[in-house]
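Structure, as C-alpha cells:
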Amino acid sequence: MCTSAARATEGGIGYYVPGTAATLIDRAPVQTGWVFEPMYLNYSGDLSANVRVPIADLITAGIDVRINSVVPGALYTFEKPVLGAKYTMGAYLSWVDVKVTGRVESQLGAIRRTSSESGLGDTTIIPAMLGWVDGNWQYNAFLPIHAPTGDYEEGRLANPGLNYWSADPTFGIAYTNLESGFNATMFAGVTLNQQNPDTDYRSGRLLHFDASLQQMIKAGSGFVTLGVNGFYGNQISDDQNQDRFVGPFRQRSGGIGPAIGYMLPMGKDNIVVEFRWLPQLDTRNTTEGDYYWLKFVYQVGTGKK
C-alpha cells in the first residue's frame, strides 16, 4: 500500500483545539470586571501508519500523541461599551507536557522514536472580545492571537510550542431561556496560520465550528448543567512547502460528547466548574483520539452591565 504525505497543519495538530469555545461559559462576558479561568486539557490520539506527517522538519508515520496542558487565563470587561457591545480583553498562558512516538524516515530507513518534553507553551492574546445582548440572545465576536512563546526545536518530535503565529477570528451566537434553563451556543472561526521560520512550512487555513446544547437544573444554591458539545473542523487551503511535500491532502475532524458542570451565583460574583469529553469520531490527515477538558471560571463582577 502506498503512503500519502499529509498536508494537514504541520504535525497534524494546530492551534485550533476542539472544546476551547463551545458552551455557555465560553461566551463573551457582559458584566464589568475580571474573569479568571484556569483550564486543564488532556489529549491522547494516534494516526494511521499509512499517512506521512511533517513534524519539526521530520517525516513521520504511525504517530502516537499524548498531551497534558494547564492553561491559566484572565479577562477584563470594561464598563464603557464598544460598538454597542461589552468590550473584553485578556490573555492565556500555557504549560505543556507532550509525548510523541512515531516512525521517522531517515537515510538509514524508518526508525521508531519516542520524544517527551515539558515546558512553557504558546500564549494566546485576546485584544478584542465583544458581546451584544438582545433579550434571550447574545452575539459574540473575538480575535484570539496565538504567539509562539513555547519551547521548540527543529528535528525534535515533541515540542511544547508550535513556533509560528496564528490568528483565529471567531463569531458566535447563543440563546438562553432563564425560565426553562435551556441554553444553545454555537461558535464559528477561521484559523489563519503564519509560516514556521525554522521549517519554512505554513499550515493551511482551517474552518471550524463548535456548538452545545445545555440544560440548567436547580441544585442547592446553584445549578447543574447537563448537555452535549460537538465540533467540526475542515482545512480549506493547502499547506505551503512545495519543496518537500506535494499533494492536496487536508485535515478534517469532527466529534461529539457530553458536558457537565455546576454554576454557583454569589451576588456579583459567579463560579463555574465544567467537564467536557470530546471523542473524535471522524478524522482525515490528523490524529484521532479523545479531548478531555476541565474548566474553572471565577467571575469577579461589579454588577454593572
Side-chain angles (χ1 to χ4, degrees), residues 16-31 35-45 69 71 73 75 86 88 92 129 131-142 144 168 170-189 207-234 252-266 269-283 288-299 301:
Y16 166 65
V17 180
T20 299
T23 72
L24 64 93
I25 69 172
D26 302 317
R27 305 173 189 179
V30 293
Q31 178 174 286
V35 174
F36 300 99
E37 186 177 15
M39 300 180 288
Y40 168 72
L41 169 67
N42 173 272
Y43 176 75
S44 59
S69 181
V71 186
L75 303 167
K86 295 296 289 188
T88 301
Y92 290 82
M129 177 182 285
W132 295 265
V133 177
D134 182 13
N136 292 338
W137 294 91
Q138 180 174 328
Y139 306 94
N140 308 272
F142 40 95
D168 197 359
T170 302
F171 303 91
I173 183 172
Y175 174 82
T176 297
N177 189 313
L178 295 177
E179 294 183 0
S180 66
F182 175 75
N183 294 270
T185 304
M186 184 178 73
F187 294 95
L207 176 66
H208 57 84
F209 301 89
D210 288 82
S212 67
L213 298 174
Q214 293 176 287
Q215 180 64 44
M216 299 172 60
I217 303 172
K218 182 67 176 177
S221 301
F223 300 88
V224 171
T225 59
L226 301 174
V228 295
N229 63 153
F231 74 95
Y232 179 76
N234 189 41
R252 183 187 68 218
S253 181
I256 188 171
I260 182 171
Y262 185 73
M263 305 178 65
L264 180 62
M266 300 186 304
D269 301 344
N270 296 286
I271 292 178
V272 184
V273 178
E274 189 171 87
F275 171 78
R276 305 174 190 174
W277 170 38
L278 274 171
Q280 293 171 282
L281 305 178
D282 176 36
T283 62
E288 181 172 327
D290 298 88
Y291 294 91
Y292 296 95
W293 283 98
L294 181 61
K295 296 190 176 186
F296 177 82
V297 177
Y298 180 33
Q299 184 179 35

Answer whether the closest heavy-atom distance between the side chains of I271 and F296 falls below 4.5 Å. yes
Verify the distance criterion only: is there a donor paired with an acceptor across the side chains of H208 and N234 at less than 3.5 Å? no
Any side-chain heavy-atom pair of L226 and I260 under 4.5 Å: yes
Heavy atoms, side chains only, cut-off 4.5 Å: are V17 and W293 in contact? yes
When rounded to the nearest 0.5 angstrom, what is the spacing between OG1 in T88 and CE in M129? 6.5 Å
Of all heavy-atom pairs linking S253 and T283, the shortest is OG-CG2, 3.7 Å
Determine, step by step, whether Y291 and L41 satisfy the side-chain contact (heavy atoms from CB on, under 4.5 Å) criterion, reporting the C-alpha distance in whole Å, the side-chain angles of both residues, the deciding distance to 0.1 Å, and the verdict. CA-CA 7 Å; Y291 294 91; L41 169 67; 4.1 Å; yes
Who passes side-chain hydrogen bond (donor to acceptor under 3.5 Å, both in side chains) against N229, sequence neighbours left out? none
Could you pull out all residues at least two apart from D282 that satisfy salt bridge (charged side-chain N to carboxylate O under 4.0 Å, His left out)? R252
Check whether any side-chain N or O of N177 sits under 3.5 Å from a backbone N or O of S180 as a donor-acceptor pair, and report yes or no. yes
Correct closest heavy-atom pair for R27 and A184 would be NH2-O, 3.8 Å
Quick one, F182 and L213 - any side-chain contact, counting heavy atoms below 4.5 Å? yes
Nearest heavy-atom approach of Y92 to E37 is OH-OE1, 2.7 Å
Quick one: do the Q138 and Y175 side chains pair a donor with an acceptor below 3.5 Å? no
For a quick test of reading the model, state the closest non-hydrogen atom pair linking P29 to L75 and the distance between them. CG-CD1, 4.4 Å
Flag the pair L281 / I256 as yes when at least one side-chain heavy-atom distance between them is below 4.5 Å, and no otherwise. yes
Nearest heavy-atom neighbours spanning G172 and F187: CA-CD2, 3.8 Å
Would one find more than 12 heavy atoms of other residues, nucleotides or ligands at under 6.0 Å from atom CH2 of W277? no
If you apply the rule side-chain contact (heavy atoms from CB on, under 4.5 Å), what do you find for Y40 with K295, and how did you get there? CA-CA 6 Å; Y40 168 72; K295 296 190 176 186; over 6 Å; no
Member of N183, T176, V272 meeting the side-chain contact (heavy atoms from CB on, under 4.5 Å) criterion with L24: N183
Counting distance only, does the side-chain N/O of D269 pair as donor-acceptor with the main-chain N or O of M266 below 3.5 Å? no
Are F223 and L264 close enough, and set up right, to give a side-chain contact (heavy atoms from CB on, under 4.5 Å), and what steps lead you there? CA-CA 7 Å; F223 300 88; L264 180 62; over 6 Å; no
Is there a donor-acceptor contact under 3.5 Å from the side chain of T20 to the main chain of P18? no
The reported gap from CG in L294 to CE in M39 (rounded to nearest 0.5 angstrom) is 10.5 Å
Listed once per pair and sorted, the side-chain hydrogen bond (donor to acceptor under 3.5 Å, both in side chains) pairs that draw on residues 211-228, sequence neighbours left out: Q214-E274
Mind running side-chain contact (heavy atoms from CB on, under 4.5 Å) on Q280 and D290 for me, showing each step along the way? CA-CA 6 Å; Q280 293 171 282; D290 298 88; over 6 Å; no
Is the F275 to Y262 ring centre distance short of 6.0 Å? no
Before accepting this row, confirm whether a basic side-chain N of the pair D26/R276 lies closer than 4.0 Å to the acidic partner's carboxylate O. yes
Spell out, as yes or no, whether a donor-acceptor pair under 3.5 Å connects the side chain of N140 to the backbone of F171. no
dist L207:CG -> Y16:OH (nearest 0.5 Å) comes out at 9.5 Å
